[in-house]
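First up is the structure itself, then whatever we jot down about it.
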Amino acid sequence: MKRLPIVLLCLLALTLSGIMLPKAAAKKSAAPAAPDKAYLQTIWDGWSTLDPANVAKFYATGPHTFFDIAPLKYESWEQYQNGVKGVLAGYKSAKFTLNDDAAIHPHGDLVWVTATVKNEMTTKAGKVEMGNFRWTGVFENQDGKWMIVHEHVSAPLG
């Protein structure tokens with residue numbers, strides 16, 4: 001008989017503690033699968049057209065920093081797109097190939113990638129320029145799509 005009030009008190013305490021617990025935060029929608037090497041090559045295939053409009057869909061708009069071989073720095077995709085047109089205007093063809101060292105590092109809604117990229121570009125004068133450059137990109141999941149929010153492209157010293 002003495003146990004019944006104690007059992008009822010314990011059940012009441014458990015029930016109240018369950019009600020009083022804060023609700024778990026709504027689960028964040030799962031980020032889409034991280035970009036893979038094929039996706040990264042698609043970006044470079046777009047750059048191979050020498051038309052930045054063909055890669056605009058991969059870059060976030062707004063104030064983001066992009067470092068390129070020349071000129072040094074752009075502070076938005078819009079600035080990058082307009083500025084690189086002058087650099088690319090001196091070429092009639094290009095081919096960019098992601099090398100085997102590409103590394104993809106997912107971290108929640110961000111992914112950073114590092115790679116070297118083989119380039120073969122032909123100037124309008126017919127001179128073929130070949131080499132490799134470094135590429136680091138930071139992607140952010142924006143509404144289910146991986147957008148480049150920071151990029152660094154650089155060439156080793158001659």
For a quick check under 3.5 Å, do T49 and N54 share a side-chain donor-acceptor pair by atom type?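 Yes.
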
Can a donor-acceptor pair be found between the side chains of N82 and E78 at a distance below 3.5 Å?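 The answer is no; no qualifying pair exists.
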
Minimum heavy-atom distance [X]-[Y], with the two atoms named:
X    : Y    : answer
N141 : P32  : ND2-CD, 3.4 Å
P52  : V84  : CG-CG1, 3.7 Å
F133 : P156 : CA-CD, 4.4 Å

Take a 6.0 Å sphere around CG of D101 and say whether it holds more than 12 heavy atoms from other residues, nucleotides or ligands.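 Enclosed.
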
Does K95, at its NZ atom, have more than 12 non-hydrogen atoms belonging to other residues, nucleotides or ligands within less than 6.0 Å?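 Count not over threshold, so no.
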
Taking the ring of W47 and the ring of Y80, is the distance between their centroids below 6.0 Å?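 Here the rings of W47 and Y80 have centres that are less than 6.0 Å from each other.
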
Sub-6.0 Å ring centroid separation between F67 and H150: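 Ring centroids of F67 and H150 are less than 6.0 Å from each other.
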
Output the distance between atom [atom1] ([X]) and atom [atom2] ([Y]), rounded to the nearest 0.5 Å.
X    : Y    : atom1 : atom2 : value
W146 : D36  : CH2   : CG    : 12.0 Å
W44  : N119 : CH2   : CG    : 9.0 Å
K85  : D51  : NZ    : CG    : 7.0 Å
Q79  : T65  : CD    : OG1   : 9.5 Å
M130 : M121 : CE    : CE    : 13.0 Å
H105 : T114 : NE2   : OG1   : 4.0 Å

Less than 4.5 Å apart, side chain to side chain, heavy atoms only: is that true for I104 and L40?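 They are in contact (side-chain heavy atoms under 4.5 Å apart), so the answer is yes.
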
Could you tell me if the side chain of T136 sits less than 4.5 Å from the side chain of W112, heavy atoms only?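 No, side chains not in contact.
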
If only atom types and distance count, is the side chain of K37 paired as donor or acceptor with the main-chain N or O of L98 below 3.5 Å?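 Such a contact is absent between K37 side chain and L98 backbone.
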
Please answer whether the main-chain N or O of A89 pairs with a side-chain N or O of K124 as donor and acceptor at a distance below 3.5 Å.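 Side chain of K124 to backbone of A89: a pair is present.
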
Is there a path of hydrophobic side-chain contacts, each under 4.5 Å between heavy atoms, that joins [X] and [Y]?
X    : Y    : answer
F66  : L110 : no
V138 : V153 : no
V111 : V149 : no
I43  : F96  : yes
V113 : M147 : no

Plane angle bin for Y59 and W77 - parallel if under 30°, tilted between 30 and 60°, otherwise perpendicular: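 The arrangement is parallel - the two ring planes meet at less than 30°.
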
Apply salt bridge (charged side-chain N to carboxylate O under 4.0 Å, His left out) to E120 and list each qualifying residue two or more places apart in sequence or on a separate chain.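 Partners of E120 under the salt bridge (charged side-chain N to carboxylate O under 4.0 Å, His left out) test: none.
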
